[in-house]
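I have placed the structure first, in the form of structure tokens, so that the comments after it can refer back to it.
In listed order, ligands and their atoms are each counted from 1. What you see is a predicted model, and the numbers here were worked out from it, not measured in a lab.
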Amino acid sequence: MSTVEQAPPASEGYVGRSLRRKEDPRLITGQATYIDDVVLPGTLHVVLVRSPEAHARIVSIDASAALAREGVHAVLTGEDLDLQAPLPMAWVPPGVQVNTPEHWPLARGEVNHVGDPVAAVFAQEKYLAVDAAEDVLVEYESLPVVVDPETALAEGSPLVHDALHTNKSHEWSLGGGDVDAALAEAEVVIERRIVNHRTAGAAIEPRGVVAEYRGGALTMWSSTQVPHFVRLFMSLMLGLSEERVRIIAPEVGGGFGSKLQVYGEEALLAWAARHLGRPVKWTETRSENMAVSHHGRDQVATVRFGAKRDGTITAIHSHIVADLGAYHMLLTPAVPSLGAFVMTGCYKVPNVKTDIVGVFTNKMPTDAIRGAGRPEATHMLEMMMDQLAAELDIDPLELRRRNFIPKEDFPAEVAYGVVYDSGDYHASLDKLLANLDLPAFRAEQARLREQGIHRGVGFSTYTEICGLAPSRVTGPAGFGLQTGLWESALVRVHVSGAVTVYTGTSPHGQGHETGFAQIVADRLGVTPEQVDIIHGDTGTGPVGLGTYGSRSLSVGGESVARAAERVADKARSIVAHQLEAAPEDIEVRDGRFSVRGSPDRGMTMAEVSGAAHIPDNLPEGMEPGLEETSFYDPANFVFPFGAHAAIVDVDVETGKVSVVRYVAVDDCGPAINPLLIDGQVHGGITHAIGQALYEQVVYDAEGQLVTGTFVDYALPTAAEIPSFETDRTETPSPTNSLGVKGVGEAGTIAASPAITNAVIDALRPLGIDFINMPLTPMRVWAALEQARGRGSGPRATEQGVELDEHARGSAGSGPASPGQAPGQASGQAPANPQGGAL
Ligand code: MCN
């Protein structure tokens with residue numbers, strides 16, 4: 001854990017220091033501007049009438065009673081909006097057929113999930129709009145519903161979209177080597193069915209939009225992670241030039257991926273502001289946030305590992321059914337594929353194949369939620385490592401070590417062609433074990449077991465892929481995203497010497513204003529306080545691409561560093577000219593550009609900037625002013641990694657799991673600000689503990705959302721989370737000049753398998769050797785009941801607890817085929833009755 005540095009640091013620079021976040025005083029003293037603080041005169045408030053049905057034809061909409069209310073200005077329905085394009089989906093992978101249904105801000109003729117918007121009421125006051133929305137009478141004709149993705153793929157299933165003639169969105173594969181041959185030749189094959197259930201983003205601030213159309217130009221405030229994407233698509237949907245669309249993301253109270261989206265409400269309000277000639281405002285309710293901000297995860301994977309008896313893994317095959325919900329949103333079908341790029345994790349595996357089938361169901365669409373595909377891949381991989389270790393009777397950490405890509409192999413090309421930039425997996429595991437003291441834990445575990453306390457430890461050694469770009473890999477000819485993924489920065493030094501940085505990234509909790517200011521301060525000889533970071537406004541600075549995919553530092557921060565370096569180069573030339581020295585002899589030292597070896601001879605940034613703006617003594621041919629822009633598209637991704645350990649107690653009477661200790665070692669390259677890294681790791685692990693133990697979005701068989709509030713959708717609070725023990729190793733990435741990698745998603749990617757493996761470690765002596773998330777008390781208790789031979793009671797299922805379904809996970813020698821019952825391959829009795837179903 002990093003210690004906060006209170007005193008201003010001296011000459012060694014600001015990068016690497018745990019400075020407190022510059023942005024926090026305004027955030028914690030109520031001086032920050034969120035969407036709801038944006039109040040424009042004459043605003044109409046918008047409330048959406050949403051479908052209570054999961055699948056239905058809209059027979060009629062009668063808005064007369066709503067319109068009769070005084071103060072109600074308009075009620076709009078799907079056909080009213082003459083947009084020039086439907087809502088976007090930005091993934092067209094070459095050679096892959098992706099079936100994309102039309103998706104409009106308000107439904108046209110049919111609703112496909114609960115919460116699908118049908119009409120929008122515009123009124124002078126918010127609660128008048130709420131009341132009027134209840135007066136809008138919509139007649140629905142119910143249609144058959146399908147909520148389970150595997151059922152949706154079966155012959156004869158109801159169709160979500162008749163026009164597509166299938167519920168299959170697409171099939172996509174990535175692999176290398178010969179998986180079938182390697183599995184056939186493997187000395188041991190294990191297979192598990194690993195469920196990664198649906199979760200919500202659940203940011204503290206729900207979404208909100210304010211739109212105003214004046215003088216032929218649209219200004220829109222939106223709580224988004226991607227203002228520049230929103231600008232592009234608003235301009236396409238409204239037929240306006242980008243110059244006439246300004247998107248401002250003011251303070252954004254968290255996003256976790258759920259605000260990496262171009263939402264129907266944004267398009268609706270943009271269009272309505274122009275159509276009605278009045279500013280319009282919509283604020284999402286907490287219940288709407290649960291129902292209609294995109295969800296994440298929701299995959300069922302059948303995973304097979306082939307290995308030698310000595311533990312060498314020879315093949316990994318995953319068949320993933322991804323529940324995409326009712327529509328494609330911005331990146332819906334692409335998200336599951338992101339996991340395939342790290343399907344071998346830290347391990348050297350020559351034969352790998354990931355097959356993904358995307359499926360439509362009558363549920364809210366899924367899209368990127370923190371980690372987006374990589375938590376799912378890491379969860380299955382790290383669970384399988386423990387499963388294989390048990391099968392081979394090899395210590396799980398020893399199994400990992402035997403398969404780690406060695407340090408000397410980096411940059412390391414893995415079987416499916418991705419090149420990992422740098423890594424030292426043994427070092428992070430060594431450090432984790434030094435911090436954890438495993439022998440002491442095992443002794444304590446044995447002691448506690450005698451007292452009836454079931455304590456377990458679980459590990460996860462992970463690597464992930466982030467820092468999205470590079471555009472040539474992610475773009476249209478590569479992975480198929482219809483965008484570049486570079487980043488931009490403009491560094492401007494004012495006459496006074498104060499510095500403003502415009503970044504295309506759009507933070508919503510990550511602390512960029514502090515970290516980026518540290519990077520610039522060191523290059524320009526100023527303090528971080530003198531550097532203002534401007535973000536989240538398309539009306540300022542160059543075009544950027546937003547914050548997601550843990551890209552902001554390694555792509556955006558590198559772009560900032562490059563622009564600052566160019567400013568510093570110009571400053572060096574000015575100082576050299578004025579002090580009659582060579583530019584290469586000018587160094588930044590103690591807050592000045594001074595001549596190496598003559599510390600008395602130097603100029604402050606204010607003096608340099610004064611000289612640049614009053615240009616009567618500049619080098620021959622030099623332009624006046626002091627600002628530089630950089631656009632940076634990296635040559636590769638970055639691959640952070642680390643080792644995590646969770647220690648949990650399981651109450652075998654109630655099934656309740658408590659996290660007793662959590663120890664993490666992460667490597668995101670050299671730290672810009674260790675305090676920011678700790679904050680990200682803490683938040684990331686909490687996110688994953690939430691998924692592992694508490695959170696699940698549940699729909700019933702009719703497609704009704706069962707978990708519509710925080711009473712039903714249990715988020716962990718500080719009371720459920722231990723005090724994290726974090727540490728770092730620092731392995732620089734060769735991809736960028738800072739050597740940095742991403743960390744914003746690392747904790748979320750690493751932690752769910754560590755927790756799950758810890759629960760299994762605690763319960764193995766009771767006959768439980770596999771269990772799927774979420775490990776709610778009911779689910780764990782049901783597993784325990786079955787293991788105790790009292791399995792006739794309630795059972796946990798993928799959607800809750802009730803069905804009598806047995807595991808489909810299997811373990812044994814030789815290849816097992818999908819669908820084989822547990823233990824069949826090995827001839828065991830089903831010691832693992834709760835297996836895949838739980
Ligand atoms: N950092 C650092 N030194 C390093 C690496 C990172 O100081 N060597 C710092 C960076 O300067 C930055 C932070 O760590 O302040 C995270 O940087 P990075 O890993 O580049 O990730 P992004 O800034 O791009 O953040 C995106 C990531 C994602 S994808 C989600 S989702 C997410 C997250 O970050 N959502 C968040 N963290 C969140 N944190 C908060 N509070 N709220 C969210 O919604």
Quiz item: Does even one non-hydrogen atom of Lys741 get within less than 4.0 Å of ligand 1?
Solution: yes
Quiz item: Do Asn673 and Tyr14 have side chains that get closer than 4.5 Å, going by heavy atoms?
Solution: no
Exercise. Check if Gly549 has a non-hydrogen atom at a distance under 4.0 Å from any atom of ligand 1.
Key: yes
Quiz prompt | Protein contact of atom 24 (O) of ligand 1 - nearest heavy atom, named by residue and atom, plus distance | solution = Ser552 OG, 2.7 Å
Self-check item: Heavy-atom nearest neighbour in the protein, as seen from atom 12 (C) of ligand 1, with distance rounded to 0.1 Å
Solution: Gln510 O, 3.7 Å
Quiz item: For ligand 1, is Gly683 a contact, meaning one of its heavy atoms is under 4.0 Å away?
Solution: no
Quiz item: What part of Val743, side chain from CB on, backbone N/CA/C/O, both or neither, has a heavy atom under 4.0 Å from ligand 1?
Solution: both
Quiz prompt | ligand 1-proximal atoms of Ile677, by part, heavy-atom distance under 4.0 Å | solution = side chain
Quiz item: Does ligand 1 have any atom sitting under 4.0 Å from a heavy atom of Ala203?
Solution: no
Practice problem: Report the part of Leu553 (side chain from C-beta onward, or backbone N, CA, C, O) that has a heavy atom under 4.0 Å from ligand 1; answer both or neither where that applies. | Solution: both
Practice problem: Compute the minimum heavy-atom distance from Pro507 to ligand 1 and say whether it is under 4.0 Å. | Solution: no
Exercise. Run the salt-bridge test on Glu628 and Arg562 with the 4.0 Å N-O cut-off and return the result as yes or no.
Key: no
Self-check item: Carboxylate-amine/guanidinium contact Arg728 Glu730, below 4.0 Å
Solution: yes
Self-check item: Region of Phe256 engaging ligand 1 - heavy atom pairs below 4.0 Å
Solution: both
Practice problem: Under 4.0 Å, heavy atoms only, figure out whether ligand 1 is touched by the backbone of Ala372, its side chain, both or neither. | Solution: neither
